[in-house]
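The basis for the numbers below is simple: all heavy atoms, side chains too, and nothing from hydrogens, waters or symmetry mates.
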Amino acid sequence: MIAALFVPLMVATVFAGVTSVAHRRMPPRVASNTIVWCLAAVMVAALPTVWLVAARFMAEVPLVRGGFAWCADVFGLHHPVPPVLGGVAVMLTIVGGVRAVRCLDGWRTARLTTPGPVLLADDERVYACTLPGGGGRIVMSTGLDALLDRRERAVVLAHERAHARFRHDRYLLVADLAVAVLPLLAPLARRLRFSLERWADEEAVAACGDRRFVAETLGKVAMTGIVPAGLLGFGGLGVSGRVSALLSPSPAPLATAGRIWAVAAVSAAVAFSFFQLHHLWMVLAAICST
């Protein structure tokens, strides 16, 4: 029964991983939406799995088992959990919960809901980033402002406005929460970040009409630039890959076969993750019936 708990999680993870491998071949917008759904699906599948294994393990610990024995009875989890597996599940439950709370607190602290002009930060370091929230507030350092000319500055602002307009902060929040509760999802989160930056790059190209100039501006900023932790910024992840993509023709729409595969794979991952949620419904039913 313990092993069976991991089947939906493993299937959702496999579908998510296989689907996201082709993210560089997809249009950035399609890749971003595909990966974020995969991340959400795996996270939803992982949480009940980890919590139930942790609860079953705690039901075997002498000092606290009285408070967790009912959980084992509800799910029919009568086989003992190996100490290593149980310890990892408990650690992921505690540490993941703390990390997720911190992630949400950080997102709420940085969020701005009131629209306004670009915020110029008095900082010699080179960066531009978009704050989370519906306000679409962009922060640009004085170091970056001094580095760029008018056209280059317009490219950076077009990139950042794309992050704000399409609410990429929400995508990033899903990725950060997924990695907080399941660190093994970090590679998938990096693919999402890359796709989001590529999406904003293409929007900057649409705004200025010159792919090479956007690539040159990106390279110039990336040479000395930084990106504040937890935010999306112009000189962020995967600069070499982004420059290479910008120096290539515009991404072609995804072929029909590719769209069918992406939809099917994401649907399978979501289906298996929601199947895992029935365990939580069983817990709620048991609690409400007492």
Side-chain angles (χ1 to χ4, degrees), residues 28 32 36 102-177 179-180 186 189-208 210-247:
S32 298
V36 78
R102 288 178 177 174
C103 176
L104 284 170
D105 284 344
W107 184 80
R108 291 194 187 103
T109 300
R111 182 179 59 179
L112 281 179
T113 57
T114 305
V118 175
L119 300 173
L120 197 61
D122 186 10
D123 194 335
E124 294 182 356
R125 295 177 298 175
V126 174
Y127 62 85
C129 59
T130 304
L131 297 178
R137 302 299 295 275
I138 297 169
V139 178
M140 178 183 291
S141 69
T142 53
L144 179 60
D145 187 56
L147 177 70
L148 304 179
D149 61 26
R150 181 183 57 81
R151 286 187 65 211
E152 292 167 337
R153 198 176 299 114
V155 168
V156 173
L157 291 177
H159 176 102
E160 297 303 329
R161 288 185 181 118
H163 284 318
R165 184 166 68 255
F166 297 108
R167 291 303 306 270
H168 289 171
D169 61 297
R170 292 174 174 171
Y171 292 71
L172 194 60
L173 178 62
V174 172
D176 289 344
L177 287 173
V179 174
R190 285 195 295 272
R191 291 172 186 170
L192 176 60
R193 280 179 172 269
F194 178 82
S195 296
L196 291 174
E197 296 295 358
R198 283 283 301 116
W199 183 354
D201 288 342
E202 293 298 329
E203 293 296 324
V205 170
C208 80
D210 189 335
R211 300 185 67 81
R212 177 169 291 276
F213 184 69
V214 174
E216 291 171 352
T217 304
L218 173 58
K220 180 177 180 178
V221 173
M223 287 179 63
T224 55
I226 64 167
V227 177
L231 299 175
L232 292 166
F234 184 69
L237 182 69
V239 171
S240 60
R242 290 164 57 198
V243 169
S244 177
L246 286 167
L247 294 177

Considering all heavy atoms of both residues, which atom of Lys220 and which atom of Leu147 are nearest to each other, and what is their separation? NZ-O, 3.3 Å
For Arg212, enumerate each residue passing the salt bridge (charged side-chain N to carboxylate O under 4.0 Å, His left out) test, keeping only those at least two apart in sequence or located in another chain. none
Does Val221 reach the side chain of Leu148, with side-chain heavy atoms less than 4.5 Å apart? yes
Which residue pairs pass the salt bridge (charged side-chain N to carboxylate O under 4.0 Å, His left out) test when at least one of the two sits in residues 116-130, sequence neighbours left out? Asp123-Arg125
Only counting residues at least two apart or in another chain, list the ones meeting side-chain contact (heavy atoms from CB on, under 4.5 Å) with Ala222. Val239
Close side-chain approach of Leu192 and Val174, heavy atoms under 4.5 Å: no
Should Arg102 and Asp176 count as side-chain neighbours, where that means a heavy-atom distance under 4.5 Å? no
Do you know which two heavy atoms are closest between Val214 and Cys208, and how far apart they sit? CG2-SG, 3.4 Å
Restricting to non-hydrogen atoms, name the atom on Thr130 and the atom on Ala164 that form the minimum distance, rounded to 0.1 Å. CG2-CB, 3.7 Å
Answer whether the closest heavy-atom distance between the side chains of Glu152 and Phe213 falls below 4.5 Å. yes
Pairing residues for Phe194 by the ring-ring contact (aromatic ring centres under 6.0 Å, His included) criterion, not counting sequence neighbours: His23
Is any side-chain heavy atom of Asp105 closer than 4.5 Å to a side-chain heavy atom of Arg108? yes
By side chain to side chain donor-acceptor pair (under 3.5 Å), Arg161 pairs with (sequence neighbours left out) none
Can you name the salt bridge (charged side-chain N to carboxylate O under 4.0 Å, His left out) partners of Asp149, sequence neighbours left out? none
Using side chain to side chain donor-acceptor pair (under 3.5 Å) as the criterion, list what pairs up with Thr217, not counting sequence neighbours. none
By salt bridge (charged side-chain N to carboxylate O under 4.0 Å, His left out), Arg167 pairs with (sequence neighbours left out) Asp169
Rounded to the nearest 0.5 Å, what separation is found between the CZ atom of Arg111 and the CG atom of Leu173? 10.0 Å
CG-CZ distance between Leu196 and Phe166, expressed to the nearest 0.5 angstrom: 11.5 Å
Of all the heavy-atom pairs spanning Leu112 and Leu119, show the shortest one and how long it is. CD1-CD1, 4.4 Å
Restricting to pairs with a member in residues 129-140, which pass salt bridge (charged side-chain N to carboxylate O under 4.0 Å, His left out), not counting sequence neighbours? none
Is the shortest side-chain heavy-atom distance between Val155 and Leu218 below 4.5 Å? no
Partner set under side chain to side chain donor-acceptor pair (under 3.5 Å) for Glu202, not counting sequence neighbours: Arg198, Arg211
Closest heavy-atom contact between Ala215 and Leu247? CB-CD2, 3.8 Å
Arg150: partners by salt bridge (charged side-chain N to carboxylate O under 4.0 Å, His left out), with sequence neighbours left out: none
Quick one: which residue pairs count as a ring-ring contact (aromatic ring centres under 6.0 Å, His included) with a foot in residues 131-164, not counting sequence neighbours? His159-His163, His159-Phe234, His163-His168
Looking only at non-hydrogen atoms, find the nearest pair between Met140 and Val118 and report the distance. CB-CG1, 4.2 Å
I'd like to know if the side chain of Ser141 and the backbone of Tyr127 have a donor-acceptor N/O pair within less than 3.5 Å. yes
